[in-house]
Amino acid sequence: MGKNPLLLMNIVDVIQEGVIKGIKALYGADITAEQVTMNSTRKEFEGDYTVVAFPFARIARKKPDQIAEELGGFLVEEVEEVEKYNVINGFLNLSLSNGFWREFLAGICEDEAYGQQPANGKKVMVEFSSPNTNKPLHLGHIRNILLGWSTSQILKTAGYEVVKVQIVNDRGIAICKSMLAWRKYGEGASPESAGEKGDHFVGDYYVLFEKKFREEYNDWQQSEEARKVFGQQSENGQSEEAFFKAFKNTYFNEYSLLGAEAKDMLLKWEAGDKATASLWKQMNDWVYQGFDETYRSLGVEFDKLYFESDTYLLGKDAIRKGLEKGVFYQKDDGSVWIDLSDVNLDHKLVLRSDGTSVYMTQDIGTAQKRFQDFGVDKMVYVVADEQNYHFQVLFEILKRLGEPYAEGLYHLSYGMVDLPTGKMKSREGTVVDADDLIAEVVEEARKNTAERDTISGLSQEEQEEVIRKIALAALKFFIIKVQPRKRMVFDPKESVDLQGQTGPYVQNAYVRVQSVLRKAGDQPLSAASAYQQLEPQEKEILNMLYSFPGLVQLAAEEYDPSGIANFCYDLAKAYHRFYHDHSILNAGTEAAKAFRLQLSRAVAHVLKQGMNLLGIEMPDRM
RNA sequence: GGCUCCGUAGCUUAAUUGGAUAGAGCACCUGACUACGGAUCAGGAGGUUGCAGGUUCGAAUCCUGCCGGAGUCACCA
């Protein structure tokens, strides 16, 4: 943190230590820091920090109120920063001295990096986004990307070296469907000739394939062959409709011409057929250009990409070694399994009887490769909660294989994003496209900004930049303020709201500070040290500023950015209220004015830092 | 059915990890600058924290059992 000696030791620790000494001196008992429960004093009471006296009742054999009273007296006497106290219902509320807060504020005004922890020498890899290359990104990816990005930012600020990666699912039957449809119906078209983003272009051929396939399937259902299949394979009383719905996969694999062509293409790809490989590369390159554009507009980037086409064969060595070590066992048919029933995870296949890999095999191999590549201490996988079981198993396996990073594995699991109308379903066309959504919020921000007419003095490009920042703040904040594990309802209408508990509300607090600072000009703020009587609202804000580094630490430990979002909102709210109730530039004294300018600057700095952790940029005007 | 997660105001959600009278926003109603930016502020109304027990000074939070919802239990990814 800062150079200010007062900041070297957290005041919470100082008080805790004081309490431990106090209990020893007053009652002769030894307690640990964990036994001292402390939190910020609630707004309706006077004080900065509160010590709960109830747990000491048994030790001291006195009533909590009396203990609090005695402890309060002791702390005021022994701890320099504690100025006074009051006791309510067994809660000891401590007020820190004005001098403490003044020095704290002066300290963070000097400290450009307030909130940034020193490097801890540990490296963590965060995997997120991880798209398939047969269709564009959608709302679900946006939640994933925002979580991954902000978690990376938070870990970096908490002192880790962070490596951001994605694993791109660039192979398999899905992309072959797009390739086939393009070859059959595309007539040599390209994203350029079609005037379309590459990922949408390729996605359209995927959809076209599905459409053609459905037509073929429907025609087939009228055929003699289909009647025979239905007669032989349908269960008692099963309707034709239900049967053919369930039969679709089998049809694709065993009867369909299109299906056969697609599968043939996959085989050719796996065999390294040149023409197939070059078509595959062409299609994927189009997709990546599209993805890059979306990533750019979201303001995210990656350090390294892993491609499944490179990694899908990895992991077999690890299985073999694991077999030798007795981690896995082999069945008579040659398939390899692991028995995890002792940890309630059942038996799981790790290698097919024909010796080919499954998903789990690749993931084992990929984890090992990543460790070889970067030597990371931790790996975080940002993946939706439908894969909870998969990651439990994967982590357990890596642990049993004795991987050095096994203790540092974390699945950042998040809930699906629902729409007010229900689940997103690609089949029903209810998927919210990422690019469309971004365009929509930008449009909304543009309308709002035009109505207010607050930035018309800026150049056209500058106005666009401000509008983009506002729009993305609205969208990102809306998503990231919800705890990851909770399933969330995404209302497109609410997501573009610019008032209330939103990103633009927080930005507005920052913009207000910038406006005040511009008006104040460049003047020395040393008069602040003469400011004597701090207002409760000023102390409240200082308290929040003080808690910021600890909050970042907590967010890093829990891999949960939502707390930072809520903190930024609370801080902005406190500042808005302060701004309304107290004049800054027309404050009663020079000391008050200087102090409040310092305070405003510190608030702006922490808001900017905090929002940066969420991937949200701050405009200077809006 | 087994396992996992979720259930807080009409809606979207907090709660410093077991602490004080469960806190915000949206929507609804009422107010506030000749003021440093009204994308703001203040007030009103809105709650049996799914239900029932238990643990203890104290429970939205921990335990048990129900109710409701979701996910997952493939030689798919």
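Convention: sequence-line order gives letters A, B, ...; per-chain numbering from 1.
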Roughly how many Å is it from CD1 in A:I67 to P in B:C57, rounded to a whole number? 13 Å

If you check the A:S583 side chain, which of B:G23, B:C36, B:C3 turns out closest? B:C36

Just N and O in the side chain of A:Y505: are any of them under 4.0 Å from OP1 or OP2 of B:G38? no

So, applying salt bridge (Lys or Arg N to Asp or Glu O under 4.0 Å) with A:R446, which one of A:E464, A:E451, A:E440 is it? A:E464

Nucleic acid contacts - residues 462-482 of chain A versus RNA chain B, non-hydrogen atoms under 4.0 Å: A:I470, A:K481, A:V482

Base, sugar-phosphate, or nothing: which does A:H582 touch, judged by heavy atoms less than 4.0 Å apart? base

Whole-Å distance between B:C36 C1' and A:L585 CG? 5 Å

With nearest nucleotide decided by heavy atoms, which residue, A:V511 or A:G500, maps closer to the 5′ end of RNA chain B? A:G500

Rounded to whole angstroms, how far apart are CG on A:L345 and P on B:C3? 13 Å

Quick one: label A:R621 by what it contacts on the DNA or RNA (base, sugar-phosphate, nothing), any heavy atom closer than 4.0 Å. base

Can you list everything that forms a ring pair (Phe, Tyr, Trp, His ring centres under 6.0 Å) with A:F478? Sequence neighbours excluded, please. A:F490

Provide the distance between the two C1' atoms, one in B:C67 and one in B:U49, to the nearest whole Å. 16 Å

Please report, rounded to the nearest Å, how far the P atom of B:C11 is from the CG atom of A:D418. 15 Å

Indicate whether OP1 or OP2 belonging to B:C3 is found under 4.0 Å from a side-chain N or O atom of A:Q392. no

Give me each pair satisfying side chain to side chain donor-acceptor pair (under 3.5 Å) with a member in residues 55-65 of chain A, each pair once, sequence neighbours excluded. A:K62-A:E70

Enumerate the protein-to-nucleotides 63-65 of chain B contacts in which both atoms are nitrogen or oxygen and the separation is below 3.5 Å.
none

Can you tell me which nucleotide in B:G19, B:A39, B:A20 comes closest to the side chain of A:V52? B:G19

Per-nucleotide protein contact string for nucleotides 72-77 of chain B, where B marks a base within reach and S marks sugar-phosphate only (heavy atoms under 4.0 Å, - for neither): S--BSB

Nearest-nucleotide 5' precedence on RNA chain B, A:D497 against A:R42: A:R42

Tell me, what's RNA chain B's dot-bracket, Watson-Crick or G-U with both distances under 3.5 Å, | for other-strand, [ ] crossing? (((((((..((((.....[...)))).(((((.......))))).....(((((..]....))))))))))))....

Figure out the CZ/P separation between A:R485 and B:G69, and round it to whole Å. 21 Å

A:E558 near the nucleic acid: base, sugar-phosphate alone, or nothing, with a heavy-atom cut-off under 4.0 Å? base

With rounding to the closest Å, how many angstrom separate the P atoms on B:C57 and B:G69? 39 Å

When all nucleic acid strands are considered with a 4.0 Å heavy-atom cut-off, which category describes A:D65: base, sugar-phosphate, or nothing? nothing

For the side chain of A:E494, starting at C-beta, report the closest nucleotide among B:C11, B:A39, B:U16. B:C11

Less than 4.0 angstrom between a side-chain N/O of A:R487 and OP1 or OP2 of B:G71, yes or no? no

Under 4.0 Å between any heavy atoms, over every strand shown, what does A:S600 touch: base, sugar-phosphate, or nothing? Just pick one. nothing

Does A:T454 reach a base, just sugar-phosphate, or nothing at all? Heavy atoms under 4.0 Å. base

Find the distance A:L498:CG to B:G37:C1' and express it as a whole number of Å. 16 Å

I need the minimum non-hydrogen distance between A:P420 and A:P492, along with the two atoms involved. CD-CD, 4.2 Å

Would you say a side-chain N or O of A:K486 is under 4.0 Å from OP1 or OP2 of B:U12? no

Determine: side-chain N/O of A:R512 to OP1/OP2 of B:G38, distance under 4.0 Å, yes or no. yes

Closest non-hydrogen atoms of A:F328 and A:V336, given as atom of the first, atom of the second and distance, are CB-CG1, 3.6 Å

Ion pair present between A:R171 and A:E270, side-chain N to carboxylate O less than 4.0 angstrom? yes

If you measure from the ring centre of A:Y569 to the centre of the six-membered ring in the base of B:A24, is it under 5.5 Å, with the planes under 30° apart? no

Between A:H390 and A:Y359, is the gap from one ring center to the other below 6.0 Å? yes

Stacked pair A:F54-B:G58, distance under 5.5 Å, angle under 30°: no

Please tell me which of the listed nucleotides, B:U40, B:A14, B:G37, lies nearest to the side chain of A:V516? B:G37

Under 4.0 Å between a side-chain N or O of A:K573 and OP1 or OP2 of B:G25? yes

Give a yes or no on whether the ring-centroid distance for A:F307 and A:W280 is below 6.0 angstrom. no

Exactly one of A:L554, A:I480, A:I154 clears side-chain contact (heavy atoms from CB on, under 4.5 Å) with A:I564, and that residue is A:I154

In the structure I gave you, are the side-chain heavy atoms of A:F56 and A:I31 within less than 4.5 Å of one another anywhere? yes

Side chain of A:S515, heavy atoms from C-beta onward: which of B:A20, B:G37, B:C5 has the nearest atom to it? B:G37

Side-chain contact, heavy-atom cut-off 4.5 Å: A:K348 with A:Y389? yes

Does any N or O donor sit under 3.5 Å from an N or O acceptor when you compare the side chain of A:S562 with the base of B:A14? no

Kindly say if A:R452 contacts the phosphate of B:A39, meaning a side-chain N or O under 4.0 Å from OP1 or OP2. yes

Quote, to the nearest angstrom, the C1' distance that separates B:U12 from B:G65. 31 Å

Protein-nucleotide distance (A:L517, atom CG; B:C36, atom C1'), rounded to Å: 10 Å

Does NZ in A:K469 sit with more than 12 non-hydrogen atoms of other residues, nucleotides or ligands closer than 6.0 Å? yes

Is any side-chain nitrogen or oxygen of A:R577 closer than 4.0 Å to OP1 or OP2 of B:C41? no

Answer yes or no: are there more than 12 heavy-atom neighbours, outside A:D342 itself, under 6.0 Å from its atom CG? yes

Length of the NE2-C1' vector between A:H576 and B:G25, whole Å: 13 Å

Would you classify A:S413 as touching base, sugar-phosphate or nothing, given that sugar-phosphate means primed atoms plus P, OP1 and OP2, and contacts are heavy atoms under 4.0 Å? nothing

Using a heavy-atom cut-off of under 4.0 Å over every strand shown, decide if A:N89 touches base, sugar-phosphate, or nothing. nothing

For A:S178 and A:N134, run side-chain hydrogen bond (donor to acceptor under 3.5 Å, both in side chains): C-alpha distance rounded to whole Å, both residues' side-chain angles, the deciding distance at 0.1 Å, then the answer. CA-CA 7 Å; A:S178 290; A:N134 64 316; 5.3 Å; no

Considering only B:C57, B:G38, B:G25, which nucleotide approaches the side chain of A:Y579 most closely? B:G38

Applying a 4.0 Å non-hydrogen cut-off, can you work out what A:P55 is touching in the nucleic acid: base, sugar-phosphate, or nothing? base

What is the nucleic acid contact for A:M416, judged by heavy atoms within less than 4.0 Å: base, sugar-phosphate only, or nothing? nothing

For B:G71, does OP1 or OP2 lie under 4.0 Å from any side-chain N or O of A:K423? yes

I want to check a possible cation-pi pair here: A:K481 against A:Y505, using under 6.0 Å from ring centre and within 45° of the ring axis as the test. no

